[in-house]
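These numbers come from the heavy atoms of this one structure, side chains and all, not from hydrogens, waters or symmetry mates. Values in this document were obtained by computation on a predicted structure and should not be read as measured data. Convention: sequence-line order gives letters A, B, ...; per-chain numbering from 1.
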Amino acid sequence: MKSEITISELAKLMNVSVHQIRYFEEKGILQPAYTDTNQYRKYGMDQVYELARILLLRKLEVPVQSIKACMTSYSADQQRQLLHHSLQDIEAELQRLQELQQFILKVLHEEQSFSLQPNQFQVKKRDLTFLTRFIELDSHTRLDAARLAEEAGRVPNLFESDIHYLYDGSNTVTLYLESQTSGEVSLPKGDYLSLQCLIHEEELEHLIEHFFDYAAAQSFPLQGPLVVIERSYLSLFSPHQLHYELQALITPPANPDGRG
DNA sequence: ATTCTAACA
DNA sequence: TGTTAGCA
């Protein structure tokens, strides 16, 4: 009575596909115990343990190619290095997923904040924010794809960012990105008049006029530059429209010690 | 019924 | 990686 098993039995035992076992053989990392006269592959306990080792390395994201060298001619030190490399990859992946998680939470938060108060003026508290300069534009120059392609390469995940436009009264508009620690410009902590809308880009000028009209009518003393925040990622919920939030400081700047 | 190889998406 | 075809 033969104690070896067929490829499908091995596949079921180890929870992998038959194809994958043949693939390992093709790559030279798992040979059958023997092949029957009918060309059927047969596997014994040695192969079971061998496959378990292979699958463990695969779990650690060691590439099939490396597994071959690893099991034939690697020193213990090289094996350690292989595992360290896998560990680094996994840490990078973990960080990627955490950043993705943060982004999703941000989208949900911003979307809810908008859906609760759409197209309405509000007064919002803002913490001190630093901005780093990104692109400068002439007042009425459109930002075109070519210009964006020149400048945007160095900014990863640009379209997952809150892009800040500062209208400071001069004839240039500057695009900024938020920065936690420092930047060329800071927005002071304080109360900001806020209006957020989903509109088409060409309606932005009109929206800005509306914002200033309202502020004047309500006698809000606008203290600083107009801040326009573009959150293009909120277009997830409404294609062909862009989310803008207009803000302007309405309280006097805080004391230098920040404890006004 | 199961496995084989080979080629393809 | 999964799927398919034609074969033993």
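Here the shortest heavy-atom pairing between Lys189(A) and Leu249(A) reads O-CD1, 4.5 Å. Taking every heavy atom of both residues into account, Leu158(A) and Ala152(A) meet most closely at CD2-CB, 3.8 Å.
For the side-chain contact (heavy atoms from CB on, under 4.5 Å) test with Leu177(A), the passing option among Asp162(A), Thr132(A), Ile135(A), Leu131(A) is Thr132(A); the others fail. Just one residue in the list Asp77(A), Leu83(A), Leu82(A) forms a side-chain contact (heavy atoms from CB on, under 4.5 Å) with Arg80(A), and that residue is Asp77(A). Of the candidates Glu245(A), His243(A), Glu110(A), Gln196(A), Ile229(A) forms a side-chain contact (heavy atoms from CB on, under 4.5 Å) with just one, namely Glu245(A).
At a non-hydrogen distance threshold of 4.0 Å, nothing from residues 43-57 of chain A comes into contact with DNA chain C. Looking at residues 19-35 of chain A, you'll see His19(A), Gln20(A) sit with a heavy atom under 4.0 Å from some atom of DNA chain C.
In summary, Glu26(A) and Arg22(A) do not engage in a salt bridge, as defined by a charged side-chain N under 4.0 Å from a carboxylate O.
Residues in residues 172-182 of chain A take part in these side-chain hydrogen bond (donor to acceptor under 3.5 Å, both in side chains) pairs, two or more places apart or across chains: Ser170(A)-Thr172(A).
Boundaries of the chain A contact region on DNA chain B are dT2(B) to dT5(B), first to last in 5' to 3' order (nucleotide atom under 4.0 Å from a heavy atom).
Linking ILVMFWY side-chain heavy atoms closer than 4.5 Å, directly or via other members, places Leu222(A) and Leu187(A) in two distinct hydrophobic clusters.
In Gln78(A), the CD atom is crowded: over 12 heavy atoms of neighbouring residues, nucleotides or ligands sit closer than 6.0 Å. Around atom NZ of Lys68(A), no more than 12 heavy atoms belonging to other residues, nucleotides or ligands sit under 6.0 Å away. Residue Phe159(A) places its CZ atom among 12 or fewer non-hydrogen atoms of other residues, nucleotides or ligands, all under 6.0 Å distant.
Along DNA chain C, the nucleotide closest to Arg58(A) and the one closest to Tyr40(A) are compared, and the more 5′ of them pairs with Arg58(A).
Consecutive Watson-Crick or G-U pairing (both distances under 3.5 Å) extending over three or more pairs maps onto DNA chain B as B:4-9 with C:1-6.
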Cut-off 3.5 Å, no hydrogens considered: what does the side-chain donor-acceptor table look like for residues 197-221 of chain A, sequence neighbours left out?
unit_1    : atom_1 : unit_2    : atom_2 : d
His200(A) : ND1    : Glu203(A) : OE2    : 3.1
His200(A) : NE2    : His240(A) : O      : 3.1
Glu203(A) : OE2    : His200(A) : N      : 2.8

